[in-house]
Structure formats: structure tokens, C-alpha cells
Number of protein chains: 2
Amino acid sequence: MNPLDATQHLARDFQTVEPCATCGSRIAGLCHKLDASALDDIAAESQSFHLAAKSTLFREGDPAGRAFSIIDGVVKLSRLLPDGKQQVVGFRFPGDVLGYGAGKTYPFDAETLTNGHFCRIERSRLDALLRLYPQMERRMLDLCLRELSNTQDQLVTVGRRSAEARVASFLLGLVEAYRQRGPLPAELPLPMTRSDIGDFLGLTLETVSRSFAAFKRQKLIAEPGQHRLRILNMDALLCLTEGESSQM
Amino acid sequence: MNPLDATQHLARDFQTVEPCATCGSRIAGLCHKLDASALDDIAAESQSFHLAAKSTLFREGDPAGRAFSIIDGVVKLSRLLPDGKQQVVGFRFPGDVLGYGAGKTYPFDAETLTNGHFCRIERSRLDALLRLYPQMERRMLDLCLRELSNTQDQLVTVGRRSAEARVASFLLGLVEAYRQRGPLPAELPLPMTRSDIGDFLGLTLETVSRSFAAFKRQKLIAEPGQHRLRILNMDALLCLTEGESSQM
DNA sequence: CGGGCTTTTGATATCCTTCAACTGTTGTGG
DNA sequence: CCACAACAGTTGAAGGATATCAAAAGCCCG
């Protein structure tokens, strides 16, 4: 139980305030509300490690031998299409689990957008732990259901919304991701590039840039510095999301 | 254990040949490989029922009090946007579980496209069963992981592919769904309308119609009758999916 | 047979992409 | 410390893929 403090800025009190035995994180990942013996087992089976920004956690097609839990940092999950285009499947934040899927290989690349702190565990060990601790398996199911729900939301956004509505939707999703993980700071980190956002939303980076510019002109958002975002008019963004042009 | 025979056309031997104790289905839904006592419990807690085509199983926003398993039939899951547009989140087939999600309300409408045969169970009972039978919870997790993977694939399709590539991708997905559920017949049922398909792919019904017309002209597919589909050139469809224009 | 869907097909409109040039930022080595 | 290269972002102009609008034909059910 060695508490680490690398997680303090983002990781306040997401569902639990007990630091995780594995890594000291106060974020409720897989280990949410486990009893002491389960936590000991996980601690024994998993390793904590750091990674610089723009590192690769794993690549699409690699044998899916390990699962990862994000203690701190932001990760981009993306798939490369034969024609070179990229689709970002999602962004992952502290508390999220990566690399535990249906197939035998990872279905996408996982790349850090920031410096990060992670936990890794062999998949076979994790499977054994899930069998051993039904509470943990239940937690995994809940994480999976939540992720499924988010992905379905994203499908609606990409499939049926205009460019500006998609960008607004992305911004609100970002706010929500941070809110779930602690008190919302006035300035949010925005570690992804216009290109990342575009690939997430099914848009080009230019279109994303134009939408950001439009939102700034309307004083809906501000970027006080590189990779820093300030939401000025949440309601207007919400309106945009719902299809109406913003008149607030 | 009353074997029903309503499932014979689609429901051949999807992962198991043992008919489900609950409903007689030979499709591996939730009850896949459960022991006798678990099956007895499920049978006691769940009810089987029929529904005509174009019926509503549940609506977006309804309290999510029950989960459903499809024994036979095809179901459309869709979300309605404020501006009246519809996004189809997915189509579900025999063996799939519906209505078991993260939230307290259903996140989408579920509507039958064909006559159907279903199993229903109170959510609280199902949760209790999942706690009681870890094998069943594991099965639920696997179903959820597979669904997540499919939804992520769909995100790539909608986000980054051209209209024809999306339609080709839908057709291949349909083939795959049927293949997983039994020997593939030469003629597949196509119970969804152009509009349903468009709402699934983020296209208008006209664009879907034009893509179908193009594929027929190129002899990639045929429609021998209403709601009947024949795949003539799978490889060319696969090619289209990957971005190249079909030259085969 | 008639009314309501579904589908097809054509003509036009539009939103977003593409292409291009330029600016701003960051990190690196001389 | 500055010069420079690489990368990220901005903005404009033009073109294209798909949406929208419209009309007609086909199909199903009462």
C-alpha cells in the first residue's frame, strides 16, 4: 500500500476516496470496493509503470496478452483503415480499463496523449482473478456496460449530427469525463489535437478548427493557452448538440 | 423443458446444440452452458412470449425493469433525436440480449422488424441470478464485450467510410450475423427497410437505395423478392468496404 | 380496387472535404 | 540564445459526395 501522488490533479474522488491498494490511485477502476484479500491479490499480480506522452501502449493486431488500467493520463484508442484514414474509437481517462476485449488481439492502437501512469496485468491472471472474485467481475461488467453506452452515444453523434453539433458534443463529453472524476476545474486539459478530434468525430481537422473558431467568436469557449479549454456557455453548447443553431 | 419449433429457420447451431431449458431455443443466449440448477432457476423466473412485426418491446426513457432475450426474430434498436432524425444503434438477432444496460432507463427504442419470440425476465431477478451463478455473469460479460466490439466497428464504418462502403459493410455484417447463427442460406431475410438501413449507417434512404441499385447493376447482390437478399460477389463487397472501388 | 408505404430515379442544393498557403508553437542543436 | 525544422492550427477558395426535394412506380393490406 504505497500511496503515490502523481494522480492528484485529475484524480480527486471518483466514486471512492479509498486509495487503491495496487497503485495508490483514488480513482475507482477495476478495484472499486474490493475486499482486502482481493486487493492484495491484484497488487501481487499487477505492475505499475509510467509512460511519456505519445507512447504506444499496444497496437492493433498485437496478441491481447495484457490489460491496463489508467491511473493518470489520457489515452487515445484508434483504428487505422486500409486507405490510411484513422478512426478514433475513444479517449480514455483515469479509472478506465484498456485492452480487455472479446478477441485474441487488440482491436485498436492505444497511444498516450499525455505523460501517464498505468497498471498492467497479464490477461490470464486477470481472468483468474475475475473468476475468483465475483465482485470484481461485476465491476468489469459495469465498466463494459458504461463503455457500450458511451460508444452508442458516439454513434448517434457521428451518424446524425452536423459538424458543429459533433464538436459541441465532444466538448460536453469531455466535461462529463472530467466531472465524473472529480471537481470540475475552470480550465480543462485538452491534450488531443484537432486531428485527433476530427478522427473521433468523423470530420477533417480543418472542419474541427473552423468549429472551434466559430465557438470562440460566439464566446461559447476559450483557449487560454495551448491544450487548455475553458467552457463559457455550456447551455449554448447543449443547444447546438440538439440540432438548433445557438441563439443564447 | 418444452421444445418449441418456431426457431428452426434461423436458429440452427449457434455455439450450442442443447436446447435452452427456458424456451427450447438452440441459440446460445445468456443460458449458454449453464448447469441444470441454473437453467431451472431461469426457467422459473422468466416468461416466453410472442410479438408481431412492428411491435414495440420497450421505449427510450422507460424504466429499464426487464431484460429480454431474442429466441426468434429481428429487432431494431433506435434513438430519436430532438430534430426528428433517427439513429439506429443496431439490429439484434436470435441469441442476443436486450435491455440490460448501465442506466435506470432504456437508452433506445426496441422494435420488432419481424414476428418474434422472446424471453423476458425482471431485471432485479436477473441481477440476483447473475450474483448466484458466476458462469452466467461471465457469459453476460462476454456478450457485452462482443457487443462493444461490434459497436466500435460500426463507429468506424459510419465515421470514415463512403456511402457505398457503408452499405457494403452493412451487408457483410448481416451475412456475419446469420453465419454465426447457423448454416448460411443462399437467400438471406432482409427485414429492414432502406430507411432503417440509412438510419443505421448515417445515410438517407435515397442514398441507400442508390447503392443497392449500383450493387445490383454490378451483379454483387440480387433481391429475388421483397425482403430477400442474395449475395453474388462477397469478395467485391469486401473490397468496397476497404475503400477501393470494386474492380472484380 | 384504393390508400398507404416503400422504393426508385432525377434535378438541385449544401455542407463538408480537399487543396493550398500562411501563421504560430515547440523542441533541438549549433 | 538563436536559427531552424517539424508539427499544430488557421483561413480561404473550389469541388464533390451526399442531402434534399420532387415525382412516379411498385407492392401490400384491407
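Atom set for the values below is all heavy atoms of this structure, side chains included, hydrogens, waters and symmetry mates excluded. Numbers restart at 1 for each chain; the letters A, B, ... are given by sequence-line order, proteins then strands. Bear in mind the structure is a predicted one, so any value in this text is a computation, not a measurement.
- In this structure, B:G202 reaches the sugar-phosphate backbone alone: every heavy-atom distance under 4.0 Å involves primed, P, OP1 or OP2 atoms, never a base.
- In this structure, A:L205 reaches the bases: a heavy-atom distance under 4.0 Å links it to at least one base atom across the strands shown.
- The nearest whole Å value for the distance from the CG atom in A:D83 to the C1' atom in C:dT17 is 14 Å.
- Under the 6.0 Å cut-off for aromatic ring centres, A:F68 and A:Y100 do not qualify, their centroids lying 6.0 Å or more apart.
- Rounded to an integer number of Å, the gap from CZ of A:R166 to C1' of C:dT17 is 12 Å.
- Contacts of B:K85 with the nucleic acid, taken as non-hydrogen atoms under 4.0 Å apart, are absent.
- Each of C:dT7, D:dC21, D:dT18 was ranked by its minimum atom distance to the side chain of B:S209; first place goes to C:dT7.
- Judged by distance alone with a 3.5 Å cut-off, no donor-acceptor contact links the side chain of A:E164 to the base of C:dC16.
- You'll find that the side chain of B:Q226 is closest to D:dC27, out of C:dT9, C:dT17, D:dC27.
- What you find for B:P94 and B:R181 is that their closest heavy atoms are O-NE, 2.6 Å.
- Defined by atom type and a distance below 3.5 Å, a donor-acceptor pair is present between the side-chain atoms of A:S169 and A:T157.
- If you measure from atom CZ of B:R217 to atom C1' of C:dT8, you get 11 Å, rounded to the nearest angstrom.
- If you check every strand for non-hydrogen atoms under 4.0 Å, A:T207 touches a base.
- You'll find that the side chain of B:S162 is closest to D:dT18, out of D:dT18, D:dT10, C:dT8.
- For A:E206, the side-chain atoms get nearest to C:dC19 when compared with the rest of D:dT18, C:dC19, D:dT10.
- The pair B:D109-B:K76 does not meet the salt-bridge criterion, since no charged nitrogen lies less than 4.0 angstrom from a carboxylate oxygen.
- If you take CZ of B:R194 and P of C:dT9, they are 10 Å apart, rounded to a whole angstrom.
- Checked by distance alone, B:R210 brings a side-chain donor or acceptor within 3.5 Å of a matching partner on the base of C:dG10.
- Rounded to a whole Å, the CZ atom of A:R161 is 18 Å from the C1' atom of C:dC16.
- Rounded to an integer number of Å, the gap from CD1 of B:I221 to P of C:dT7 is 12 Å.
- Residue contacts for A:T193: at a heavy-atom cut-off of 4.0 Å it reaches the sugar-phosphate backbone alone, with no base atom in range.
- With salt bridges taken as basic N to acidic carboxylate O contacts below 4.0 Å, one links A:E223 and A:R194.
- Atoms NE2 (A:H227) and C1' (C:dT26) sit 9 Å apart, rounded to a whole Å.
- Spacing between atom CZ of B:F212 and atom P of D:dG26 amounts to 20 Å, rounded to whole angstrom units.
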